[in-house]
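The structure appears below as structure tokens.
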Amino acid sequence: MTSRPELQAPPEIFYNDEEARKYTSSSRIIEIQAKLSERAVELLALPNDDVPRILLDIGCGSGLSGETLTENGHQWIGLDISQSMLDVALEREVEGDLVLGDMGQGLGLRPGVIDGAISISAVQWLCNADKSSHEPRIRLKAFFGSLYRCLGRGARAVLQVYPENLAQRELILGFAMRAGFSGGIVVDFPHSTKRRKEYLVLTCGPPSLSSAAPRGKGEEGESCSDEDSSGDEDNQSVCISDRHRPRKKQRLNKKMKGREWVLKKKEQMRRKGNAVPADTKYTARKRKARF
């Protein structure tokens with residue numbers, strides 16, 4: 001595929017019956033999904049006590065990533081907006097519970113019932129306005145707010161993302177931080193164009209030693225130090241736990257438009273046939289504080 005699927009059509013339209021079956025039958029896609037899911041489970045850092053956890057798979061699609069959760073002995077709930085993808089998952093008889101829903105409208109789960117969450121190549125879809133009613137900031141706020149509420153205290157969410165640029169990455173990180181998460185971005189193979197992968201590793205609760213983001217993998221599988229990526233701004237990890245939660249933005253006094261601008265706008269309105277007050281010496285004059 002030459003371009004990003006999220007730039008071609010909304011997910012529920014792009015992943016139609018044909019695309020859903022094509023996606024699920026691709027051996028390359030299956031292999032990639034398995035590797036990404038295994039890495040996501042590793043970054044969840046669940047206790048190794050053989051106790052099955054209830055995990056959430058956000059953007060589960062046809063259940064490829066959910067199979068990894070099942071193989072690791074966990075129960076899972078899959079959420080996806082594409083009915084076609086979920087139909088394929090039902091045909092494949094995946095063992096998770098499937099939910100048709102839009103993560104941009106919130107997850108709709110009871111507070112504190114989820115032990116961990118993963119998402120493979122899904123969250124960046126929220127950065128696109130597919131409909132006139134879609135506002136990325138509102139959708140990201142609803143998603144991260146509901147994700148924070150449904151996770152148990154100290155639980156992790158690992159979201160593998162493909163941000164289009166640095167601004168999109170910062171947008172996603174910012175709303176995760178505002179929701180109350182701590183953590184940061186883990187970058188595997190930061191100097192490789194093809195193998196580079198980004199994981200947003202979030203912990204439900206304030207920063208602590210246990211919530212610090214782990215290091216990414218290098219070319220030979222070793223951990224990458226901060227010095228490895230310091231030369232490239234695009235490859236740097238951004239750690240939420242090192243930031244302060246932003247205060248509410250104070251309203252700034254907007255600069256008043258000048259008289260010339262106001263007269264021009266009034267003339268445009270007159271050409272359209274609208275009723276506009278006549279121009280006087282008081283037009284566009286700023287009122288005093290005590291009017």
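For this chain, numbers begin at 1 and follow the sequence in order.
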Exercise for the section: Search all heavy atoms of V94 against all heavy atoms of S62 and return the closest pair with its distance. Expected result: CG1-O, 4.0 Å

Handout entry: Heavy-atom side-chain contact between C127 and E164 under 4.5 Å
Key =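 Contact flag for C127/E164 side chains = no.
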
Problem - N/O donor-acceptor pair under 3.5 Å between R259 side chain and T283 backbone - result: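 Yes, because the side chain of R259 sits within donor-acceptor range (under 3.5 Å) of the backbone of T283.
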
Working to the nearest 0.5 angstrom, can you tell me the gap between [X] [atom1] and [Y] [atom2]?
X    : Y    : atom1 : atom2 : answer
I58  : I118 : CD1   : CD1   : 9.0 Å
D80  : M103 : CG    : CE    : 8.5 Å
L140 : R178 : CG    : CZ    : 10.0 Å
L64  : M85  : CG    : CE    : 7.5 Å

Practice task
Could you name each residue pair satisfying ring-ring contact (aromatic ring centres under 6.0 Å, His included) that touches residues 20-61, not counting sequence neighbours?
Solution key: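 Those involving residues 20-61 are Y15-Y23.
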
Exercise for the section: Only pairs at least two apart or in different chains count here, so list each ring-ring contact (aromatic ring centres under 6.0 Å, His included) that has a residue in residues 62-89. Expected result: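 Passing the test, one end in residues 62-89: no pairs.
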
Within the supplied structure, the quantity of interest is the number of heavy atoms (other residues, nucleotides, ligands) at a distance under 6.0 Å from [X] [atom1]; does it exceed 12?
X    : atom1 : result
D50  : CG    : no
K141 : NZ    : no
E91  : CD    : yes

Practice task
Would you mind checking if K35 and E31 are paired as a salt bridge, meaning a charged N to carboxylate O distance below 4.0 Å?
Solution key: yes

Problem - Ion pair E267/R270, N-O distance below 4.0 Å - result: yes

Practice task
Kindly write out the residues that satisfy ring-ring contact (aromatic ring centres under 6.0 Å, His included) with F175, not counting sequence neighbours, or none if the list is empty.
Solution key: none

Completion exercise
So side chain to side chain donor-acceptor pair (under 3.5 Å) across residues 104-121, not counting sequence neighbours, yields S121-Q160

Practice task
Name all residues meeting the side chain to side chain donor-acceptor pair (under 3.5 Å) criterion together with S84; count only those two or more places apart in sequence or in a different chain, and write none if there are none.
Solution key: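 For S84, the residues satisfying side chain to side chain donor-acceptor pair (under 3.5 Å) (neighbours in sequence not counted) are D17.
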
Handout entry: Listed partners of R285 passing side chain to side chain donor-acceptor pair (under 3.5 Å), at least two apart
Key =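 For R285, no residue satisfies side chain to side chain donor-acceptor pair (under 3.5 Å) once neighbours in sequence are set aside.
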
